[in-house]
2 protein chains.
Amino acid sequence: MGITKSEIFTVEQNQLAQFAKAFSHPARVAILQYLFKTKSCVCGSLVDEIGLAQATISQHLKELKNLGLIQGTVEGTSVCYCINPTVWEEMKTVLSSFLNQDTDVADDTCC
Amino acid sequence: MGITKSEIFTVEQNQLAQFAKAFSHPARVAILQYLFKTKSCVCGSLVDEIGLAQATISQHLKELKNLGLIQGTVEGTSVCYCINPTVWEEMKTVLSSFLNQDTDVADDTCC
DNA sequence: TTGTTATATTGCAATATTACGATGAATCAA
DNA sequence: TTGATTCATCGTAATATTGCAATATAACAA
């Protein structure tokens with residue numbers, strides 16, 4: 001049905017999935033990487049950097065903004081975006097504890 | 001258009017996005033967590049554990065299997081699934097280096 | 001063989017996502 | 001004011017995802 005049954009999962013599972021969804025698209029990965037690289041905020045240079053239409057980039061930025069991962073302030077005619085370090089760290093914590101689950105099945109990989 | 005323009009992104013960006021997509025849905029998060037918890041492989045008990053139809057669980061398992069994150073072997077009438085430690089570690093490496101990008105914007109959060 | 005159990009696959013419906021052109025709103029320069 | 005620039009939003013089209021019922025397949029037990 002295309003609709004996720006989030007009610008049947010825990011808050012943690014839903015949060016984890018939401019964070020993962022943030023960079024489950026290469027364009028958003030590229031945006032975040034560029035924001036990290038240029039540290040000082042970036043605006044529409046993303047449109048040149050990434051080969052997507054301005055409307056498309058704006059849409060991806062909106063998703064990242066909604067999650068709180070980035071923030072933007074109007075700077076004259078342009079908008080300056082940058083990483084929100086607080087939320088990024090929070091995400092890192094949530095995802096790391098998931099990724100670092102023990103894989104120590106010794107050698108007896110059962111399957 | 002619903003179709004991702006993966007050609008315009010690097011192999012790394014696409015791979016990162018693919019790994020992230022693996023657990024961008026709470027059901028797949030729950031499946032992976034359960035597989036970690038029960039270590040010894042698990043089959044259709046996932047259907048009881050998670051409140052989704054058998055067909056739906058099977059579909060999610062297929063996606064995880066396609067990515068290589070899990071593997072399954074036929075065990076009589078049932079199928080035993082477990083984490084593929086090698087691929088999991090590979091994913092951990094890829095995602096960690098992305099997550100651990102420096103947030104040291106000092107305090108001058110530009111935006 | 002027949003029935004049972006466990007899983008995969010198929011087909012379908014509902015919703016979500018990706019992408020872009022066109023348009024709107026805001027700011028600044030002349 | 002007018003025009004140019006930058007970004008957001010709207011509308012739309014194409015495709016993807018999620019979910020399930022029904023059915024198929026495979027292995028075993030009797």
Side-chain angles (χ1 to χ4, degrees), chain A residues 1-9 13-14 17-32 34-35 41-67 70-82 111, chain B residues 1-9 13-14 17-31 34-35 38 41-67 70-82 111:
Chain A
M1 307 176 178
I3 191 166
T4 297
K5 284 191 157 183
S6 25
E7 332 84 58
I8 67 172
F9 301 103
Q13 288 166 338
N14 282 307
Q18 267 202 325
F19 275 137
K21 194 176 277 179
F23 48 97
S24 70
H25 191 286
R28 290 192 293 272
V29 171
I31 288 174
L32 291 169
Y34 190 70
L35 277 178
C41 312
V42 184
C43 358
S45 51
L46 284 161
V47 177
D48 301 323
E49 179 72 11
I50 305 169
L52 289 174
Q54 183 266 322
T56 309
I57 297 288
S58 190
Q59 207 174 340
H60 283 302
L61 285 170
K62 191 181 178 183
E63 287 176 61
L64 293 173
K65 207 167 46 177
N66 284 344
L67 244 182
I70 65 171
Q71 48 198 178
T73 39
V74 179
E75 200 109 331
T77 57
S78 57
V79 175
C80 177
Y81 283 104
C82 65
C111 304
Chain B
M1 309 178 178
I3 191 167
T4 297
K5 284 190 158 182
S6 25
E7 332 85 57
I8 68 172
F9 301 104
Q13 288 166 337
N14 282 307
Q18 268 202 324
F19 275 136
K21 193 176 276 178
F23 48 97
S24 70
H25 190 287
R28 290 191 292 273
V29 171
I31 288 175
Y34 190 71
L35 278 179
T38 59
C41 311
V42 184
C43 356
S45 50
L46 284 162
V47 177
D48 302 323
E49 179 72 11
I50 305 169
L52 289 174
Q54 183 266 323
T56 308
I57 297 287
S58 189
Q59 207 174 340
H60 283 302
L61 285 170
K62 192 182 179 182
E63 287 177 61
L64 293 173
K65 206 166 48 178
N66 284 344
L67 243 182
I70 65 172
Q71 49 197 176
T73 39
V74 179
E75 200 108 333
T77 57
S78 58
V79 175
C80 177
Y81 283 104
C82 65
C111 305

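If you're wondering where the values come from, they're calculated on a predicted model, not measured in any experiment. In what follows, chains are A, B, ... by sequence order, proteins preceding strands, each numbered from 1.
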For the [atom1] atom of [X] and the [atom2] atom of [Y], what is their distance to the nearest 0.5 Å?
X       : Y       : atom1 : atom2 : value
A:His25 : B:Gln13 : NE2   : CD    : 11.0 Å
B:Gln54 : B:Asp48 : CD    : CG    : 11.0 Å
A:Asn14 : A:Glu7  : CG    : CD    : 9.0 Å

Indicate yes or no for a side-chain donor-acceptor contact from A:Arg28 to the backbone of A:Leu61 under 3.5 Å, with no hydrogens or angles considered.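 No, A:Arg28 side chain to A:Leu61 backbone: no donor-acceptor pair under 3.5 Å.
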Distance-only, no hydrogens or angles: does the A:Ser24 side chain make a donor-acceptor pair with backbone N or O of A:Lys21 under 3.5 Å?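 Checking the backbone N and O of A:Lys21 against the side chain of A:Ser24, a donor-acceptor pair under 3.5 Å is found.
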Selected nucleotide, minimal atom distance to A:His60 side chain, candidates D:dT9, C:dT7, C:dA19: C:dA19
Just how far, in rounded Å, is [atom2] of [N] from [atom1] of [X]?
X       : N      : atom1 : atom2 : value
B:Gln18 : D:dT17 : CD    : P     : 10 Å
B:Asp48 : C:dA6  : CG    : P     : 9 Å
A:Lys62 : C:dA16 : NZ    : C1'   : 14 Å
A:Glu63 : C:dA19 : CD    : P     : 10 Å
B:Ile57 : D:dC20 : CD1   : C1'   : 12 Å
B:Asn66 : D:dT17 : CG    : C1'   : 14 Å
B:Leu67 : D:dT17 : CG    : P     : 12 Å
A:Ile3  : C:dA14 : CD1   : P     : 12 Å

Take A:Val29 and B:Phe9, measure what side chain to side chain contact (heavy atoms under 4.5 Å, CB included) needs, and give me the verdict at the end. CA-CA 9 Å; A:Val29 171; B:Phe9 301 104; over 6 Å; no
Distance test, side-chain N/O of A:Lys21 to OP1/OP2 of C:dT17, below 4.0 Å: yes
B:Tyr81 side chain N/O closer than 4.0 Å to the phosphate oxygens (OP1, OP2) of C:dA8?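 Yes, because at least one side-chain N or O of B:Tyr81 sits under 4.0 Å from OP1 or OP2 of C:dA8.
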I want to check something: taking the side chain as every heavy atom from C-beta on, are B:Ile70 and B:Cys82 in contact at a cut-off of under 4.5 Å? no
Could you check if a side-chain atom of A:Leu52 sits within less than 4.5 angstrom of a side-chain atom of A:Val47, using non-hydrogen atoms only?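 The answer is no; the side chains never approach within 4.5 Å.
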Output every pair passing salt bridge (charged side-chain N to carboxylate O under 4.0 Å, His left out) with a member in residues 49-62 of chain B, not counting sequence neighbours, ordered by first then second residue.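 Residue pairs passing salt bridge (charged side-chain N to carboxylate O under 4.0 Å, His left out), neighbours aside: none found.
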In residues 23-31 of chain A, which ones come under 4.0 Å of DNA chain C, going by heavy atoms? A:His25, A:Arg28
Which part of the nucleic acid, if any, lies within reach of B:Thr4 when heavy atoms closer than 4.0 Å are counted: base, sugar-phosphate only, or nothing?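 Result for B:Thr4 = sugar-phosphate.
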Per-nucleotide protein contact along nucleotides 20-30 of chain C, 5' to 3', at a 4.0 Å heavy-atom cut-off (B base, S sugar-phosphate only, - neither), is BB-----BS--
